[in-house]
Amino acid sequence: MSEKQDNQLSRREFLSGSTAAAGLAVAPGVFLTLTAQAKPAGQPVSSENRWGMLIDSNKCANGCTSCVSACEQENGWGSANPTENKSSPEQKAQWIRKVTLRDKETGHVQSLPLMCQHCEHPPCVDVCPTGASFKRADGIVLVDKHICIGCRYCMMACPYKARSFIHEDLQDQLPHAPRGKGTVESCTLCVHRVDRDSDKAVPACAEACNSEGHRAMVFGDLKDPDSEISRELKNYGGEQIRADLGLNTGIRYRGI
Amino acid sequence: MKPVMHYSEIEGRSTGYYGLLALLGAIIAIALAATYHMEHSGHWVTGMNNQVVWGIPHVFAVFLIVAASGALNVASISSVFGKTAYKPLARLSGLLAIALLVGGLAVLVLDLGRPDRLIVAMTYYNFKSIFAWNIFLYTGFMVIVGVYLWMMMERRMNQYSKQVGMVAFIWRLALTTGTGSIFGFLVARQAYDSALLAPMFIVMSFSFGLAIFLLVLMASYRWTERPLGDAMVQRLKNLLGVFVAGVLYFVIVYHLTNLYSTRLHGVERFFLLEGGIYTQLFWFGQILIGSLVPLFLLYHPRLGKSRTMIGLASVLVILGGLVQMYVILIGGQAYPLVLFPGKEVIEGGFFEGSVATYNPSLWEFLLGIGGLAFALLMVAIAVKVLRFLPNNLDDAHVDHHHGAEKAS
Ligand code: SF4
Ligand code: SF4
């Protein structure tokens, strides 16, 4: 159900705003034309890949929020979209956030970024009545803003509180990240970058972390045994948050 | 001689009747205005947020949907369980079931982020989603109960009404299970982590549905000055008592089983002891006002005979039911998700690890109450156009009727 065949995919990708040019009504009367980078022909989204990220909490610096700011800039939310100004802090969108933890036994303090975990068995996809919440063949979980009815069942189902509902009209949206009042959104794993650069892609958060010199986030293809992320996981392992739920998340952590 | 039960439309020309329609209409108009405000501005004007995503409208919607299937109970008791004494009430029971369901669904739809996309919801289905299944369960329920009503009201079809009544009964069990399962599927939310939720919803539906039924019955007979004997009222009130006790029993078992598993101690502590508003609502709203006081009123040897007290008990059951929905629904969301067992969250960008806040707005209440008013308006109009209500439900009639059919 959730894994789309390639021929169907062209449409879903298109709707999720990742390829081709599409007209999209983002608000009554406001028409947004998508001119995002088309994926090179002959390179369909494929189940040969599974995109994921390995986050090393030991390298993640307490107090640093570069990944969050970079995501805001890249996708036009938070501080990068001043038109979302009526919503309370509890209502504002939050694609990625920093969490600081203290171990109850040892007192060890650590921090890590938390976003959509791009589950292999995503509860948000299972519960969505219309199929707006969907998983691409390459493992990226997205919301199709055209058929999301804003029921928010996916938000109830997500164990990581990774999704946000848009509580007001928004302007100044970015072409590759359309956002609409009354629909739900979450981290796209920078799908526009993935579709453009494939295995050379680096999501905005990881890029920022690298340029800060922390190098806590490694993005890559979990199905390619030679990718950096696969080698790291093979050699040093990695954990999932709430692994007990059996969702097989695409985002892995180390040091939690 | 076997007395025949006669049904007729109510006259519906009194000032009182038009006054009632006007009142309900006004409440609905206000609810629509509130909806327009919420949809036009966006949900930022509500108390809902990204932590508590379902608010007061869902409390009302789920309550009405659950009560709808329970309202059908009276009809089921007569057709499925062969208790003919309830037969004269079967039509009203079916009518109320449809009306409450439509009212609840209307609230649910109007609270969507994009209610304008209702057509999308009806044309795109994800068959894995329990929500999508519920759409079928709800439409199916309306069709089946509609057919059931037709079988009962059309003399030539009477013979089939028992079979259709059976189908309706099974369907209503599926429907309530489906509604309860909406929460059962939320694996990560500890408050909903219980196999008892679905059966508890069924017992809740019996109780809430019957409370509404009793009130509608007593009010309509009083306002139309048709005779309604104590035999019928007493029978229904005893049944209500049993159902209220049943809900209480399930609530106790639910919390005891949760207390049994260490994993859920945190969430139990939250609901029963430290949850602030949710704890207060639980003990005072749900248990005291919604269960113990009604039980006292219903079973008191003297008070239990007074219609006013029975009516009061029914109102309290309804209020207690709404509170119970609030505690389950909102409390369940407010309780923080456990992401890192063994670790405490000392700082988080998104209200991590702390109880989420929810301050319901007036608009949300107005929408929810509008759903109830809409259901009642449908009933008020339907009993004027079609023959739902028996002319006479006095003791002689009801008992005689009962006895005669028993003998035959
Ligand atoms: S983390 Fe949440 S939003 Fe992301 S795929 Fe999993 S369930 Fe869905
Ligand atoms: S809010 Fe949108 S994406 Fe989420 S479950 Fe509802 S329709 Fe699907």
Between [options], who has the most heavy-atom pairs with chain A when the cutoff is under 4.5 Å?
options: B/Asp111, B/Ile130, B/Val52; result: B/Asp111
options: B/Ala132, B/Ala356, B/Pro115, B/Gly342; result: B/Gly342
options: B/Val120, B/Val53, B/Leu118; result: B/Val53
options: B/Trp133, B/Tyr192, B/Trp54; result: B/Trp54
options: B/Ser129, B/Ala121, B/Ala188; result: B/Ser129

| message | Run B/Glu364 and B/Ser361 through side chain to side chain donor-acceptor pair (under 3.5 Å) and show every step you take. | response | CA-CA 6 Å; B/Glu364 296 165 68; B/Ser361 64; 2.8 Å; yes
| message | Under 4.0 Å between a side-chain nitrogen and a carboxylate oxygen: does that hold for A/Glu168 and A/Lys181? | response |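 Not counted as a salt bridge, because no side-chain N and carboxylate O are separated by less than 4.0 Å.
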In terms of heavy-atom pairs under 4.5 Å, which option from [options] contacts chain B the most?
options: A/Val68, A/Thr100, A/Val109, A/Thr65; answer: A/Thr100
options: A/Ile96, A/Leu245, A/Ile241; answer: A/Ile241
options: A/Cys128, A/Ser87, A/Pro123, A/Ala157; answer: A/Cys128
options: A/Cys158, A/Ser88, A/Pro89; answer: A/Pro89
options: A/Ser111, A/Pro159, A/Ala93; answer: A/Pro159
options: A/Glu105, A/Lys86, A/His108; answer: A/Lys86

Tell me if the aromatic rings of [X] and [Y] count as close, with their centers under 6.0 Å from one another.
X: A/Tyr153; Y: B/Phe131; result: yes
X: B/Phe60; Y: B/His58; result: no
X: B/Phe271; Y: B/Tyr335; result: no

| field | Residue-level interface, residues 322-329 of chain B with chain A, non-hydrogen cut-off under 4.5 Å | value |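 Interface residues of residues 322-329 of chain B: none, nothing closer than 4.5 Å to chain A.
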Of the backbone (N, CA, C, O) and the side chain (C-beta and beyond), which part of [X] lies under 4.5 Å from a heavy atom of chain A, both, or neither?
X: B/Ile182; answer: both
X: B/Asn134; answer: neither
X: B/Gln333; answer: side chain
X: B/Leu337; answer: side chain
X: B/Thr357; answer: side chain
X: B/Met48; answer: both
X: B/His40; answer: backbone

| query | Distance from B/Ile65 atom CD1 to B/Leu101 atom CG, nearest 0.5 Å? | reply | 6.0 Å
Answer yes or no: is there a side-chain heavy-atom contact under 4.5 Å between [X] and [Y]?
X: A/Glu120; Y: A/Lys135; result: yes
X: B/Trp363; Y: B/Ile56; result: no
X: A/Glu212; Y: A/Cys67; result: no

| task | Give the intermediate values and the outcome of salt bridge (charged side-chain N to carboxylate O under 4.0 Å, His left out) for residues B/Glu344 and A/Arg102. | result | CA-CA 5 Å; B/Glu344 63 179 320; A/Arg102 186 194 293 125; 2.9 Å; yes
| query | So A/Arg179 and A/Asp169, salt bridge (charged side-chain N to carboxylate O under 4.0 Å, His left out) or not? Walk me through it. | reply | CA-CA 9 Å; A/Arg179 312 175 61 209; A/Asp169 275 317; over 6 Å; no
Identify which part of [X] has an atom lying under 4.5 Å from any heavy atom of chain B, answering side chain, backbone, both or neither.
X: A/Ile166; result: neither
X: A/Val184; result: neither
X: A/Leu112; result: side chain

| Check against salt bridge (charged side-chain N to carboxylate O under 4.0 Å, His left out), A/Glu84 and A/Lys92 | CA-CA 7 Å; A/Glu84 190 176 4; A/Lys92 283 199 160 94; over 6 Å; no
Is [X] reaching over with its side chain to a backbone N or O of [Y], donor-acceptor style, under 3.5 angstrom?
X: A/Glu90; Y: B/Asn49; value: no
X: A/His146; Y: A/Ala132; value: no
X: B/Asn50; Y: A/Gln91; value: yes

| field | Steps toward side chain to side chain contact (heavy atoms under 4.5 Å, CB included) verdict (A/His118, A/Cys187) | value | CA-CA 9 Å; A/His118 298 278; A/Cys187 152; 3.3 Å; yes
